[in-house]
Structures are given as C-alpha cells and as structure tokens.
There are 2 protein chains.
Amino acid sequence: MTHEELLVANALAFWNLAISRADKLFLNLTEKELDRAVAPGKNRLIYIWGHLAAVNDSLFSLMGIGQRLHPELDEVFITAPDRTAVNEISAADVKKAWTEINAKLSSEFAKMTPADWLHKHTAVSDADFVKEPLRNRMAILLTRTAHMAYHMGQAALIEKQ
Amino acid sequence: MTHEELLVANALAFWNLAISRADKLFLNLTEKELDRAVAPGKNRLIYIWGHLAAVNDSLFSLMGIGQRLHPELDEVFITAPDRTAVNEISAADVKKAWTEINAKLSSEFAKMTPADWLHKHTAVSDADFVKEPLRNRMAILLTRTAHMAYHMGQAALIEKQ
C-alpha cells in the first residue's frame with residue numbers, strides 16, 4: 001500500500017474500532033438496561049445509542065456519499081432532549097437502524113480512494129474549501145469517531161457499576 | 001500539499017481540536033471546581049485532567065519521539081484510582097505538566113513526515129509490524145485523541161450543570 005492508502009486504512013481502522021466498541025456495549029444490553037441513565041438526570045443509554053445512530057446516519061449527506069437511511073431518528077434523538085420526544089423509537093428499531101447505517105457506511109467507505117477522502121464535505125462552500133482544504137470528508141470521519149468515543153465515555157460510567 | 005501530507009494534516013488538526021477543547025474546559029476552572037466528580041462516586045475533574053496529561057505524556061516513548069516529561073503523573077493518575085494516591089499533585093502542577101507535555105508533543109509532531117507517522121510504534125515487535133502495518137504512530141495519535149474525547153464526554157456531564 002502507498003503512504004496515502006495506509007493513512008486512510010489507519011483512519012478506517014479507527015472508525016471500525018469505535019463501532020465495534022459501541023456494538024459490544026449496546027448489542028448486549030436488555031431493554032431495561034438500556035433505560036438506565038449514565039448519571040442522575042442525564043441521558044439514558046437508549047438515547048445515547050439512538051443519538052449515535054442518527055449522527056452516523058447524517059454522514060451520508062454530509063460526505064455526499066448517498067441518501068441517509070433513517071431520518072426519523074433525528075426528531076427523537078437529536079432535536080428532542082432525552083425523555084421529551086413525542087414519539088418514541090423502540091430499542092429493537094434503534095438496533096436495526098444502527099446496524100443498517102453502519103453496514104452501509106462501511107460499504108461506502110470501502111469504495112473510497114484517498115482522493116475521495118480529501119474531497120470537500122457538503123457543509124463547506126467551494127470558495128471556503130479553497131482556503132481551508134482540511135474541511136474534507138476525512139475531517140468528518142475523524143470527528144464523528146471522536147463523537148462516538150465522547151458518548152462511550154459517558155456510557156462507561158454505568159457500564160462498570 | 002500531497003495527499004499524504006493532507007491526510008497527516010487532518011489527523012493533526014483532529015488532535016489539536018481535542019487539545020483546544022480540553023484547554024477551554026480545564027484551564028478556566030478553579031481548584032474548587034476541579035474537585036467536583038463527574039457523577040456521584042466517579043472521577044473528579046482534576047483526576048481526569050491529570051490522567052489525560054499522563055496518557056499524553058506516554059506518547060513520547062510509545063511513539064519513540066523523545067523522553068517523557070512527567071513520569072510522576074502515572075502513580076497518581078493512572079496506577080491509583082481517584083482519591084487513593086498516597087501523594088497528591090496540585091492543580092497548578094497538573095496545569096504546568098499538561099501545558100508542557102502538549103507543547104512538546106506539538107513541536108515534535110510538526111517535524112514528522114508522513115513516512116514518520118507510518119513508522120511502527122514501540123509497543124509492537126518488528127515481526128508483528130510486518131503483518132500488521134497499521135500498528136504505527138498514526139494509530140497512536142488517533143486513538144489517544146479519542147481517549148481525550150472519551151473523558152471530555154464525562155467531564156461535560158458536570159460542565160453543563
């Protein structure tokens with residue numbers, strides 16, 4: 001592999017590690033366990049899981065690599081704070097969405113060349129991208145991997161009890 | 001910049017973003033505020049800050065890019081769980097160590113070429129590295145950036161109170 005291919009492979013391994021850690025936690029919890037909050041008055045695990053699924057789903061449009069699969073997640077897990085959504089989404093449906101979204105992302109990511117990763121993301125204009133070439137798809141991949149880690153750190157507060 | 005240089009620049013911007021977010025939180029807290037736990041019975045902010053400083057300091061040896069600056073942090077912030085260390089380290093000393101460590105890392109990172117980033121880290125053998133070329137310094141950079149995000153997610157639980 002070339003240097004640029006290896007660097008992309010590093011970033012994808014980093015993403016896959018975050019997905020596998022989240023899988024290991026969330027896929028093994030019962031509905032009752034998913035209903036626990038990470039700290040008194042804070043988000044429940046089911047909310048964090050749905051939130052991560054929604055944010056990962058937003059990568060399709062943000063990277064310009066396809067249509068998102070589950071826009072219905074946003075209202076419940078992004079717009080509404082935990083415990084306030086008018087309509088709920090079941091743990092089974094979050095699990096299904098999470099699995100589908102990450103499988104499709106993985107499949108799309110596998111097709112991308114280093115040049116594809118350096119392509120601008122869709123939230124930056126052509127003019128701004130000329131001045132700020134790091135506002136690319138790779139930046140989205142890295143920051144959204146950290147976004148998973150951020151919430152996994154919160155989830156770990158109750159996992160170890 | 002070449003593709004490989006841009007990909008490295010993305011990873012460094014990712015690291016710098018995590019450092020600046022941690023700076024923004026920790027450098028503005030009083031000693032009393034740093035003494036708060038992120039959730040009942042969980043780590044205090046001062047412990048998380050010292051822990052992040054210690055883990056970042058370990059990158060010098062793990063990447064083979066110099067001598068670490070503050071090995072005294074490990075006993076208090078890695079080996080000992082929070083509130084159990086025999087000797088304490090003051091908030092002022094954590095701040096000094098954190099700032100020095102990150103400044104030196106930043107200075108060393110700035111000298112590294114894409115090939116340097118793809119060099120094996122020191123915790124993998126030559127033989128294993130041949131089989132697993134992603135066990136390189138870039139993997140360390142990415143996973144330790146996520147490590148900061150993991151604990152920043154916990155710290156955010158009280159920041160917003």
Side-chain angles (χ1 to χ4, degrees), chain A residues 1-18 21-22 37-43 48 51-52 81 113-121 132-161, chain B residues 1-18 21-22 37-43 48 51-52 81 113-121 132-161:
Chain A
M1 284 203 280
T2 63
H3 285 178
E4 63 192 59
E5 287 168 346
L6 281 165
L7 290 164
V8 166
N10 265 126
L12 289 178
F14 178 54
W15 169 270
N16 289 333
L17 179 65
R21 283 177 175 168
V38 300
K42 301 295 179 179
N43 291 334
I48 288 178
H51 176 71
L52 294 180
T113 65
D116 290 335
W117 283 106
L118 293 168
H119 192 277
K120 82 177 192 66
H121 62 64
E132 299 172 279
L134 299 183
R135 297 176 70 179
N136 53 33
R137 290 166 172 156
M138 179 53 67
I140 302 295
L141 182 74
L142 297 178
T143 54
R144 270 48 169 196
T145 305
H147 177 254
M148 286 191 272
Y150 182 95
H151 289 292
M152 286 300 289
Q154 298 174 339
L157 293 175
I158 59 167
E159 194 195 3
K160 290 170 188 164
Q161 270 179 346
Chain B
M1 283 204 279
T2 62
H3 285 179
E4 63 191 59
E5 287 167 346
L6 280 164
L7 290 165
V8 165
N10 265 125
L12 289 178
F14 178 53
W15 169 269
N16 289 333
L17 179 65
R21 283 178 175 168
V38 300
K42 301 295 179 178
N43 291 334
I48 288 177
H51 175 72
L52 293 180
T113 65
D116 289 335
W117 282 107
L118 294 168
H119 192 278
K120 80 177 193 68
H121 63 62
E132 299 172 279
L134 299 183
R135 297 177 70 178
N136 53 34
R137 290 165 171 157
M138 179 53 67
I140 302 294
L141 182 75
L142 297 178
T143 54
R144 271 48 169 194
T145 306
H147 178 253
M148 287 191 272
Y150 183 95
H151 289 292
M152 287 299 289
Q154 298 175 337
L157 292 176
I158 58 167
E159 195 194 3
K160 291 169 187 165
Q161 270 180 346

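Labels below follow one simple rule: chain letters A, B, ... track the order of the sequence lines, proteins then strands, and each chain is numbered from 1.
B:Leu142 touches chain A through backbone and side chain together, each having a heavy atom under 4.5 Å away. Of the atoms belonging to A:Ala13, it is side-chain heavy atoms, and not backbone ones, that fall under 4.5 Å from chain B. Proximity to chain B (any heavy atom under 4.5 Å) is shown, for A:Leu7, by both the backbone and the side chain. Both the backbone and the side chain of B:Ala115 come within contact range of chain A, with heavy atoms under 4.5 Å apart.
In this structure, CE on A:Met148 lies 14.5 Å from OH on B:Tyr150, to the nearest 0.5 angstrom. Atom CD1 in A:Ile158 sits 9.0 Å away from atom NZ in B:Lys42 (nearest 0.5 Å).
For residues 136-146 of chain B, the side chain to side chain donor-acceptor pair (under 3.5 Å) pairs, not counting sequence neighbours, are A:Asn10-B:Asn136.
For the options A:Asn43, A:Leu134, A:Val8, heavy-atom pairs under 4.5 Å to chain B are most numerous at A:Leu134.
Of all non-hydrogen atoms in B:Ala149 and A:Ala146, the two that sit nearest each other are CB-O, 3.5 Å.
With sequence neighbours excluded, the residues that form a side-chain hydrogen bond (donor to acceptor under 3.5 Å, both in side chains) with B:His3 are A:Glu4.
Within a 6.0 Å radius of CZ in B:Arg21, no more than 12 heavy atoms belonging to other residues, nucleotides or ligands are found.
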